[in-house]
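Letters A, B, ... are given to chains in the order of the sequence lines, protein chains preceding strands, and every chain is numbered from 1.
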2 protein chains.
Amino acid sequence: MRLKLEDIGRMAGVSRSTVSRVVNGEPSVRPEVRERVEAVIRETGYTPNAAARSLVSNRTGVIGLVIPSRVHSLFEDPYFARLIQGVTFGSNRAGVTLSLFLAQNEDEERELYPRVVESGFIDGVIITATRMGDPLVERMTSRQIPLVMVGRPDLHQVSYVDVDNRDGARQAARHLVDIGADRIGVIGAPTNTTTGVDRLEGFIAGLQERDRTLDPDLLVEGDFSEPSGHDAMQVLLDRGVDAVFAASDTMALGALRAAHEHGVTVPDDLALMGFDGFGATTTSAPPLTTIEQPVADTAARAVELLLSLVSGEVEAPTSVVLPVELIERTSTARSPIRAES
Amino acid sequence: MRLKLEDIGRMAGVSRSTVSRVVNGEPSVRPEVRERVEAVIRETGYTPNAAARSLVSNRTGVIGLVIPSRVHSLFEDPYFARLIQGVTFGSNRAGVTLSLFLAQNEDEERELYPRVVESGFIDGVIITATRMGDPLVERMTSRQIPLVMVGRPDLHQVSYVDVDNRDGARQAARHLVDIGADRIGVIGAPTNTTTGVDRLEGFIAGLQERDRTLDPDLLVEGDFSEPSGHDAMQVLLDRGVDAVFAASDTMALGALRAAHEHGVTVPDDLALMGFDGFGATTTSAPPLTTIEQPVADTAARAVELLLSLVSGEVEAPTSVVLPVELIERTSTARSPIRAES
DNA sequence: GCCCGCACTGGGAGCGCTCCCAGTGACGTG
DNA sequence: CACGTCACTGGGAGCGCTCCCAGTGCGGGC
């Protein structure tokens, strides 16, 4: 049978209330009493009943991570694995439990999330990878539940943690110009995501800083997947490019594969770079230049922010934007133009 | 303010109890009353308080997925992403919530899991990727909580779902012999996992069925990671092989990379195959022959089994073993030996 | 020596639900 | 017509905890 506060109290010769105080670390317990109670707890391996606790405290110590249905085909993108891992570690550090919500389709999404969110099972949610105008965000914000988005929201006044996608893409553009690239192609991320928009706008801004513009014919939109990068690259190779910025590493790897298939050598014939900073870009042939974003840190900050929203320390909306870093590798080591000059 | 049963009852002109019966779908409610109550619930968007419910029912509707600390460096292996996805979908279908437990190290593991498991927050757990003799399994089984392992356990009498690793590796061995391979190398999975043991034993059994044996010099153990496959392949190429079985696709991709670096052409100079059936093996150059395992199905079955353990329909230990399938692709299309003959 | 205040402790109330038992009224049977 | 039966409904009890208020005992100040 499971022990309860009352039992521990009886065994330690104190009352329920005193045991509760010890368990919750309240100071108003005489040291010797505290010690006696703690000894009993240790011996018996007592753990408070979470349901009873949260019934009265209205806190569950559980946070939810919601990833919308459209992402599932993209789940092989290492980004999500890393994000989930980061959120988990952040939760562990804070002593809260993580629940994961993925839906297979819109219907399941519509039914699943509100039910869980309203049942009071969760203290707050982190939402990621929504598309712009996603009704999910609307539904979530209409509840009183604290919420943090990973990635900049488009319309809603919600708290979020994001990386500086604009700045990263700006750096990328300047880098490609600086190594001597002339016809610069872009494999964009979906423009129905703020990430896609920010990376594209940043890239254009970076080109402008070097008095260049983006040729609309050399912009092809991908969907973050490897095959979409591959297909986009085929288009760009047909149109003629000497440098390509892929808005994600996964797409960059697809682009690299297409280049190989076409007998195009990177970086000699073509400079190529990605965005994200995943491990696979270090072992590709050649290793890819990329913009490294701090995924684990992003996740950790999202958890922290959410918990301070839950506890009321911070008011929504609050946002955090983390810096990214250009990592130069072989794939942009020699520019074709510079090689000529 | 959140509504409670009492409020709904008042609004519908019935008692708390009747509303409870409606919510729980009990038959003993007059249809017209039921309808009235359901109408009020729909209008108000009432959802029962999960904490109160589980306080009395001793069920939370939450299951845990535990992945031990040693896996984290391997988290980029698509296997875990797919498993998590599968478990999530299985949970959705069953109407339960999934909580995820990953620890960063042994200490965190020791502290995290028992606390959560004992708090009564969870109806049951799925554990995966334990190593043999893992104390985690011991700790988990010592609790009363229902438990299902993904992957065959080594010592404990616990329920599990696994794929037929032995049979898959047997098929692999026979395939490589049948295409005419002579010096067959193996990049093994860690032999402190039952998966590693089963795939190795199965491979040896397959060779024996073709009157072959495994040359101990041609067996190199990897750790499931891409770099470990790469390094193992370098060793095998030095020792001379004309076919290699890698016990995971990720390692096979690393092996392929090493082959490229050494100017070894697959499949002309060397037949290469993996195990898992991940997407990346279809886009590699060349696409890899592999043993496809049903990860999503494994996960779904694990959830099902766990829930029937929780409800008491099934007694532990119960096990499920799912079949795997050999998928032939270009990487073993022409054997070097057969090409000669 | 008395009283007040302080530090600590105990127990009642109640969180929102489920379970169970005791109604209540309609209907059928002897 | 009395009574038993059945279908349905209402409310008390209690799940294990936290919160709060009312003690209790001790020390210090007057």
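The environment of CD in B/Q157 is sparse: at most 12 heavy-atom neighbours from other residues, nucleotides or ligands sit within 6.0 Å.
Not a single donor-acceptor pair under 3.5 Å links the side chain of A/S54 to the backbone N or O of A/T60.
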Contact pattern, 5' to 3', of nucleotides 12-19 of chain C - B, S or - by protein heavy atom under 4.0 Å: BB-BBBBB
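Partners of A/A300 by side-chain contact (heavy atoms from CB on, under 4.5 Å), not counting sequence neighbours, listed by chain and number: A/R93. For A/F121, the ring-ring contact (aromatic ring centres under 6.0 Å, His included) partners at least two apart in sequence or on another chain are B/F121. The side chain to side chain donor-acceptor pair (under 3.5 Å) search around A/D154 returns none, not counting sequence neighbours.
There is a side-chain donor-acceptor pair under 3.5 Å between A/N24 and A/R53.
Rounded to 10°, the helix from C/dG1-D/dC30 to C/dG30-D/dC1 has 60° between the axis fitted to its first five pairs and the one fitted to its last five.
We find that B/D7 and B/K4 are not joined by a salt bridge, their nearest charged nitrogen and carboxylate oxygen being 4.0 Å or further apart.
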All N/O donor-acceptor pairs, side-chain side in residues 27-40 of chain B, below 3.5 Å, sequence neighbours left out:
from, atom 1, to, atom 2, distance (Å)
B/R34, NH2, B/E26, O, 2.5
B/R36, NE, B/A12, O, 3.0
B/R36, NH2, B/A12, O, 3.2

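In terms of position along DNA chain D, the nucleotide closest to B/T18 lies nearer the 5' end than the nucleotide closest to the other residue of the pair B/T18 and B/N58.
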